[in-house]
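What follows is a set of notes on a single structure, which appears directly below.
None of these values were measured; they are calculated from a predicted model.
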Protein chains: 2
Amino acid sequence: MSSRNGTEDGQGDAGRQAAGSLAHRVPDLGALELLLAVARLGSLGGAARELGITQPAASSRIRSMERQLGVALVDRSPRGSRLTDAGALVTDWARRIVEAAEAFDAGAQALRDRRDSRLRVAASMTIAEYLLPGWLLALRAQRPDTAVSLLAGNSAAVAERLLSDEADLGFVEGVSVPPGLDSAVIAHDRLIVVTAPGHPWTRRRRPLTAQELAATPLILREKGSGTRQVLDAALGGLARPLIELSSTTAVKAAAVSGAGPAVLSELAVGEELAMRRLVSVPMADVSLARDLRAVWPTGHRPTGPARQLLSLTRG
Amino acid sequence: MSSRNGTEDGQGDAGRQAAGSLAHRVPDLGALELLLAVARLGSLGGAARELGITQPAASSRIRSMERQLGVALVDRSPRGSRLTDAGALVTDWARRIVEAAEAFDAGAQALRDRRDSRLRVAASMTIAEYLLPGWLLALRAQRPDTAVSLLAGNSAAVAERLLSDEADLGFVEGVSVPPGLDSAVIAHDRLIVVTAPGHPWTRRRRPLTAQELAATPLILREKGSGTRQVLDAALGGLARPLIELSSTTAVKAAAVSGAGPAVLSELAVGEELAMRRLVSVPMADVSLARDLRAVWPTGHRPTGPARQLLSLTRG
DNA sequence: GCTGCTCATAACTCCAGCTTATGCCCTCAT
DNA sequence: ATGAGGGCATAAGCTGGAGTTATGAGCAGC
């Protein structure tokens, strides 16, 4: 498969794993970035230069990654390095991790740069969690020098920040727009009913009715949260809580563990649905759609970086 | 914000970053896992126990993560630790990275366990890249003890493995099912035309016609690839290559850099579209849909783990 | 045959993260 | 009140991984 490299590969004791949490079985970010650079540049040394390390460091790091995974990733030759078939696959999977890390970084940086940023954003939790990092990344690609600060809170907090001129642009997910603000719909979201696989509702043949939903104890966010507001409005204030939890994550975890049905934004459960950790239960007559809106103080149309960010969120 | 912790936070020199690639700005996987455990258990010591390290190690690691990010993440108190608001957000972003890492791990492990696995899967590249890791993760959740091996290749290679009994279940994306195999459609995919933002096609008011597409030099996969087959069939074998590249990734990279329009599976460009690195160009009269199919030797209906994996891929 | 690209190996340094040992704070039950 | 126990912090010492420099070897093209 290779020329002279002698990676030795598999067999050894690489078949086993079990030991060590993820961090011991998955190469760290630096190694994954290096792998992507090698894939792109076709050379260990070139990749090393790009990352500001020396060639032997890169060589050794790739080698130890191959040992860790038990798979040969690159085909070394005296005139460059190409990915093996397995390496190409691994590189694609690695790219996913790196992209998630980039989103993390964009978000974390916005969280850190509290004041004196060129663009101050206030957003509700669901948007801050699931959408904003991607937007910030896109913004950074277009304007690398724009420092962005982020403050996450509920609709009222967002409105307050905007009106006191502590933020330039806000994002909310409520049913109504807080007074004193102009808004534009940037996306749509829908609440869906989910349960763990195996729940009786997953075997229903007819969609669930609002009455049934209202009659069943549910895992819910606390009163006052955007999610809960929409649900209560749709059911006429009748939602019966089985438990009330204060974060989307906690609700998901409870639902996954089989505690009962939950109602959540479809943004929040994409991964879980794809992986069959949760199953969506069709609804018949209830409209749980809600708009996601960008908001700003009446009159103060977004300009400069705020306008640019806004334009990124459409589509 | 806290009791006595003294994290000191921000200011220092945390506002700046720029230096160091991602790996220097994003905590490593071990730290992120630790953070998730703290969030779940509400205690540093508890999280430490779960990960098999000591309490001081956990404490110090969380602290250095806070220093790295310049944000206080957990609120320490003599009776436990809770996430701060910022911490909750960071934790959600971290979960994305960890989930990508879990998919990586599931895939890598399948790649390593070449022979003597309980379930041997052969899949075409697009499926192996984008869908299989998630399925393997779901399978592992249900049957942690099932060792899976993965071999990626084109449709012909998949068919060959199945027919020579070197694989138990296959996945292909071609237009036709190779002879000797039974199949079931498990999902649908569509090829879409994409360009970098700013390309003239992104400002079109009418959808693109097949003729226009056929008349324009495109960034394409090489002849023989599943993607190219579908495109050539849809256009009547007329696709004009601007360049031919041998991996989806290379095509994407070329398109992002503005080299020209490309035709790719929508599975492959989800991230790029969301982030506005690429823009989709609507098509008028061409049907670029294709089925993704599970395949197995005629007669040999999947049983055991193969059947279970198959059931995970539907829906 | 020389030059320039590639990669590998060896010896050494350094730091991040781990451990053990210890102490303070707070709560709860006796 | 007072101890027991859970939770966190600090200090000192160890270790391994990742980095460095220095050097050698394979292959291409002039």
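- Spacing between atom CG of B/D75 and atom P of D/dA9 amounts to 11 Å, rounded to whole angstrom units.
- Salt-bridge annotation for A/E50 and A/R40: present, with a side-chain N of the basic residue lying under 4.0 Å from a carboxylate O of the acidic one.
- In the region residues 49-62 of chain B, proximity to DNA chain D at under 4.0 angstrom, judged on heavy atoms, holds for B/R49, B/Q55, B/P56, B/S59.
- Checking the phosphate oxygens (OP1, OP2) of D/dG7, no side-chain nitrogen or oxygen of B/R76 falls inside 4.0 Å.
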#### Entry: Verdict with supporting geometry, A/R143 and A/R118, side chain to side chain contact (heavy atoms under 4.5 Å, CB included)
CA-CA 11 Å; A/R143 294 209 181 190; A/R118 310 257 313 265; 4.2 Å; yes

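- Put simply, A/R63 has a side-chain N or O that comes within less than 4.0 Å of OP1 or OP2 on C/dA8.
- One finds the CZ atom of A/R61 at 4.5 Å from the CG atom of A/D28 (value rounded to the nearest 0.5 Å).
- The stretch residues 27-43 of chain B touches DNA chain D through B/S43, each having a heavy atom under 4.0 angstrom from the strand.
- Between B/E66 and B/R76, at least one side-chain nitrogen of the basic residue sits less than 4.0 Å from a carboxylate oxygen of the acidic one, meeting the salt-bridge criterion.
- Mapped onto DNA chain D by nearest heavy atom, B/G45 and A/S64 fall at different nucleotides, with B/G45 at the one closer to the 5' end.
- Residue B/R82 places its CZ atom among 12 or fewer non-hydrogen atoms of other residues, nucleotides or ligands, all under 6.0 Å distant.
- When atom types are taken as modelled, the side chain of A/T227 and the backbone of A/R221 share no donor-acceptor pair closer than 3.5 angstrom.
- Comment: A/R140 engages A/D105 in a salt bridge, judged by a side-chain N to carboxylate O separation of less than 4.0 angstrom.
- Between the CE atom of B/M65 and the P atom of C/dA16 there is a distance of 15 Å, given to the nearest Å.
- Rounded to whole Å, the distance from CG on B/L44 to P on C/dC18 is 13 Å.
- Residues A/S59 and A/L44 come closest through the heavy atom pair CA-CD1, 4.1 Å.
- Distance B/R67 CZ to C/dC15 P: 14 Å, rounded to the nearest Å.
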